[in-house]
Amino acid sequence: MNQDIEMKQPKKFPVGAAVLFAVVSLLAGVYTTLALEEELGSDPEILAIAGTVGVVSSLLFAFIGAGLKYVFTKFPMQWISKETEVYKYDIWSAIFYTNTITVGLNLLVQQFGFQGNFIFSILISILTAGLFLFFYFSGEEKNKPVKKAAIIVQIVFLILNIILSVAALSFVNSVGA
């Protein structure tokens, strides 16, 4: 007589993941601003203005980038899988968690002076694609066509990211040399 009834709650926008992403992005921006103190001088007024502009603009661009990644992930996945339900909130969660980790990794790479290194750039691109798939698949169980579409889209993103990273690093290295 005692039956367990599993009730699915409707999925909601991952506010916790978005807040975590915002906090980590803000802390990275503040840390970077404080690291710029050597370059900008010790004038507190200049540091305050530069820090405020830098932190606000980096946070704004971070969320614009997350929105663009969502658009360029969701719609190709729908098109490839021929499914209308591609678990949009799982996509948002995966984007926020992946971007949070990537912000931290990029900050570490920058602090250790490896930001111009091709190998680290490619490794971060591979890690980013893998983390996205990990977080996306760890949500609700997905249909096989949606899983295939997610993998295809992330492989395309990985290839484009590697090409753009190598091109940007080559340009920066040629201009800086």
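All residue numbers in this chain count up from 1 along the given sequence. Because the structure is a prediction, the values reported are computed rather than measured. In what follows, every heavy atom counts, from backbone to side chain, and hydrogens, waters and symmetry copies are set aside.
Through direct or indirect side-chain contacts shorter than 4.5 Å among Ile, Leu, Val, Met, Phe, Trp and Tyr, Leu158 is connected to Phe118, Ile122, Ile126, Ile162, Val166, Leu169.
Between Trp92 and Phe96, the distance from one ring center to the other falls under 6.0 angstrom.
Using a distance-only test at 3.5 Å, with no hydrogens or angles considered, a donor-acceptor pair links the side chain of Asn117 to the main chain of Ile119. Between the side chain of Glu85 and the main chain of Tyr87, a donor-acceptor pair closer than 3.5 Å is present. Proximity of a side-chain donor or acceptor of Lys74 to a complementary backbone N or O of Phe72 within less than 3.5 Å is not detected.
Separation of atoms CG (Leu164) and CZ (Phe171) is listed at 14.0 Å; rounding is to 0.5 Å. Lys88 contributes atom NZ, which lies 9.5 Å from atom CD of Gln78 (distance to the nearest 0.5 angstrom). The CZ atom of Phe114 sits 4.5 Å away from atom CZ of Phe120, with the distance rounded to the nearest 0.5 Å. Ile80 CD1 to Ile152 CD1: the interatomic distance, rounded to the nearest 0.5 Å, is 5.0 Å. Between atom CD1 of residue Ile95 and atom CG of residue Asp90 there is a gap of 11.0 Å, rounded to the nearest 0.5 Å. Note that CG of Leu107 is 10.0 Å distant from CZ of Phe112, once rounded to the nearest 0.5 Å.
Annotation: side chain of Tyr136 is in contact with side chain of Ile91 (closest heavy-atom distance under 4.5 Å). Residues Phe157 and Thr128 have side chains not in contact (no heavy-atom distance under 4.5 Å, counting atoms from C-beta outward).
Sorted by first and then second residue, the side-chain hydrogen bond (donor to acceptor under 3.5 Å, both in side chains) pairs involving residues 56-69 (not counting sequence neighbours) form an empty list.
Closest of all the heavy-atom pairs between Pro76 and Thr73 is CD-O, 3.6 Å. Counting all heavy atoms, side chain and backbone alike, Met77 lies closest to Ala149 at O-CB, 3.6 Å. Closest of all the heavy-atom pairs between Pro145 and Ser81 is O-CB, 3.4 Å.
Judged by a 6.0 Å distance limit and a 45° cone about the ring axis, Lys12 is not positioned over the six-membered ring of Tyr89.
Shown here is Lys144, whose NZ atom has no more than 12 heavy atoms of other residues, nucleotides or ligands within 6.0 Å.
Transitive grouping of hydrophobic side chains (ILVMFWY, heavy atoms separated by less than 4.5 Å) keeps Val56 and Ile49 in distinct clusters. In the hydrophobic cluster analysis, where Ile, Leu, Val, Met, Phe, Trp and Tyr join through side-chain heavy atoms closer than 4.5 angstrom, Ile155 is grouped apart from Leu123. Residues Tyr70 and Leu60 share a hydrophobic cluster, clusters being chains of Ile/Leu/Val/Met/Phe/Trp/Tyr side chains in contact below 4.5 Å.
Between Glu141 and Lys147 a salt bridge is recorded (basic side-chain N to carboxylate O distance below 4.0 Å).
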Practice problem: Start with the C-alpha gap between Phe135 and Ile101, add the side-chain angles, then the distance that decides, and say whether side chain to side chain contact (heavy atoms under 4.5 Å, CB included) holds. | Solution: CA-CA 12 Å; Phe135 288 123; Ile101 293 171; 3.8 Å; yes
Please set out all donor-acceptor pairs under 3.5 angstrom arising from side-chain atoms of residues 18-31, sequence neighbours excluded.
{"unit_1": "Ser25", "atom_1": "OG", "unit_2": "Phe21", "atom_2": "O", "d": "2.9"}
{"unit_1": "Tyr31", "atom_1": "OH", "unit_2": "Gln111", "atom_2": "OE1", "d": "3.3"}

